[in-house]
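Worksheet for the structure shown next.
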Amino acid sequence: MLEVENLVAAYGKVRVLHGLSLKVEKGTCVALIGSNGAGKTTTLRAISGMIQPESGRISLGGENIAGLPSHRITTRGLAHSPEGRRVFPTLSVADNLLLGAYPRLTGKRPKGDMQADYDRMYDLFPRLSERRNQLAGTLSGGEQQMLAMARALMLRPEVLLLDEPSMGLAPKLVEEVFHTVARLKQASITMLLVEQFAAAALEVADYGYVLENGKLATSGPAAVLRNDPAVKAAYLGGA
Ligand code: ATP
């Protein structure tokens with residue numbers, strides 16, 4: 001479904017990704033883990049067109065999307081829930097969701113049943129349901145994070161990129177976020193998940209990639225990585 005080959009990306013002259021390759025099969029959840037600054041967020045940004053890769057191939061459903069502007073990548077069915085609660089603060093929760101579905105409203109994506117999807121989002125995120133008319137900027141950090149995820153899902157994406165959905169959340173909410181990711185997986189949503197909570201990410205994911213300094217350190221089925229002594233020692237809080 002999504003395949004990245006030899007991706008090279010930089011900020012100015014500083015190269016951050018040095019030829020990264022990874023694959024996300026349809027209906028699976030793939031975790032991208034690694035220490036701070038390894039290049040995880042940059043990988044998602046390059047895939048969704050927020051930054052232009054220097055080189056490499058990114059194929060979505062068989063078509064090369066590398067270098068396309070982000071709105072064209074969105075209309076091909078890739079949704080990006082970015083790090084750091086990027087919601088439209090002066091719009092209501094409901095209007096934020098509506099904007100997530102914008103390509104469906106303009107005929108650039110299949111329309112489908114909008115009402116059913118609203119209902120699904122409110123079922124998946126009951127806190128948003130209670131606050132559908134509230135301005136997004138007045139939501140708590142955790143609620144904004146949920147809204148960013150729900151808005152991305154309103155595209156009905158072929159592939160969902162999730163960047164640190166647990167960032168800055170209290171432990172109880174972190175648990176809720178992972179529970180939600182597990183539900184998305186049950187619903188066969190194809191996902192590439194970047195997470196600082198590597199153990200929890202590998203618990204929910206099918207497959208994992210470990211990034212170190214912009215290169216792949218190792219990869220494998222999540223169950224194998226969870227038991228890999230080197231991965232455990234470096235990323236999962238010891239043996
Ligand atoms: P974290 O877990 O800390 O979020 P990450 O693996 O997601 O880390 P990135 O955010 O991709 O890492 O950053 C990779 C490198 O690129 C870091 O050294 C970072 O300082 C640098 N970097 C990120 N964004 C920019 C930017 N806009 N301009 C310049 N350098 C950047």
Side-chain angles (χ1 to χ4, degrees), residues 2-24 29-58 65-71 73 78-87 141-142 144-146 148-149 152 159-171 173-175 177-178 181 191-205 207-220 222 225-226 228 230-238:
L2 175 70
E3 191 165 1
V4 172
E5 290 165 276
N6 288 318
L7 181 64
V8 175
Y11 294 104
K13 290 200 164 102
V14 184
R15 240 183 216 177
V16 173
L17 299 177
H18 308 271
L20 175 68
S21 298
L22 60 83
K23 219 188 228 181
V24 185
C29 173
V30 170
L32 183 58
I33 63 173
S35 40
N36 290 127
K40 305 179 296 295
T41 292
T42 303
T43 304
L44 299 193
R45 283 189 185 142
I47 294 172
S48 70
M50 283 168 75
I51 60 168
Q52 297 288 305
E54 266 188 19
S55 60
R57 188 182 157 84
I58 303 169
I65 57 165
L68 289 182
S70 55
H71 67 273
I73 295 176
L78 186 126
H80 185 173
S81 174
E83 191 177 42
R85 307 158 188 184
R86 302 268 170 76
V87 295
Q144 290 188 28
Q145 200 88 279
M146 289 173 199
M149 272 172 85
V159 177
L160 174 65
L161 308 183
L162 276 180
D163 198 352
E164 305 233 0
S166 74
M167 191 160 83
L169 302 187
L173 281 183
V174 171
E175 219 175 90
V177 161
F178 278 105
V181 173
M191 280 179 284
L192 179 56
L193 168 69
V194 163
E195 254 301 329
Q196 51 176 330
F197 289 108
L202 291 176
E203 207 55 63
V204 70
Y207 201 86
Y209 290 88
V210 181
L211 204 54
E212 255 173 36
N213 299 320
K215 290 195 193 108
L216 208 58
T218 183
S219 63
L225 290 183
R226 281 202 303 269
D228 180 312
V231 173
K232 271 178 155 175
Y235 303 103
L236 307 182

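All ligand and atom numbering here is 1-based and tracks the order in the structure.
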Would you say atom 14 (C) of ligand 1 has a protein heavy atom nearer than 4.0 Å?
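Yes, at least one protein heavy atom sits under 4.0 Å from atom 14 (C) of ligand 1.
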
Is atom 20 (O) of ligand 1 near the protein, in the sense that some protein heavy atom lies at less than 4.0 Å from it?
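Answer no: nothing from the protein, no heavy atom, is under 4.0 Å.
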
For Leu17, the option from Asn213, Thr43, Ile51, Val8 that meets side-chain contact (heavy atoms from CB on, under 4.5 Å):
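Only one option passes, and that is Thr43.
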
Number the atoms of ligand 1 from 1 as they appear, then name those within less than 4.0 Å of a heavy atom of [X], with their elements.
X: Arg45; result: 24 (N)
X: Ser35; result: 6 (O)
X: Gly39; result: 5 (P), 6 (O), 9 (P), 11 (O), 12 (O), 14 (C)
X: Asn36; result: 1 (P), 2 (O), 3 (O), 8 (O)
X: Glu164; result: 2 (O)
X: Thr42; result: 9 (P), 11 (O), 13 (O), 14 (C)

Return the residue, atom name and 0.1 Å-rounded distance of the protein heavy atom closest to [atom].
atom: atom 8 (O) of ligand 1; result: Gly37 N, 2.8 Å
atom: atom 2 (O) of ligand 1; result: Lys40 NZ, 2.8 Å
atom: atom 4 (O) of ligand 1; result: Glu83 OE2, 3.4 Å
atom: atom 29 (C) of ligand 1; result: Tyr11 CB, 3.4 Å
atom: atom 10 (O) of ligand 1; result: Thr41 CB, 3.5 Å

What part of Val16, side chain, backbone, both or neither, has a heavy atom within less than 4.0 angstrom of ligand 1?
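For Val16, only side-chain atoms sit under 4.0 Å from ligand 1.
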
Side chain, backbone, both or neither: which applies to Gln196 and ligand 1 if a contact is any heavy-atom pair less than 4.0 Å apart?
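None of Gln196 does.
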
Would you say [X]'s side chain and [Y]'s backbone share a donor-acceptor pair under 3.5 angstrom?
X: Arg226; Y: Leu202; answer: yes
X: Tyr209; Y: Lys23; answer: yes
X: Gln144; Y: Val87; answer: no

Checking Leu2 against Ile58 for the side-chain contact (heavy atoms from CB on, under 4.5 Å) test, could you report, in this order, the C-alpha distance in whole Å, the side-chain angles of both residues, the deciding distance, and whether it holds?
CA-CA 7 Å; Leu2 175 70; Ile58 303 169; 4.0 Å; yes

Yes or no on side-chain contact (heavy atoms from CB on, under 4.5 Å) for Ser48 and Leu78, after CA distance, side-chain angles and deciding distance?
CA-CA 7 Å; Ser48 70; Leu78 186 126; 3.7 Å; yes

Checking side-chain contact (heavy atoms from CB on, under 4.5 Å) for the pair Met149/Val181: CA distance, chi angles, key distance, verdict?
CA-CA 10 Å; Met149 272 172 85; Val181 173; 4.2 Å; yes

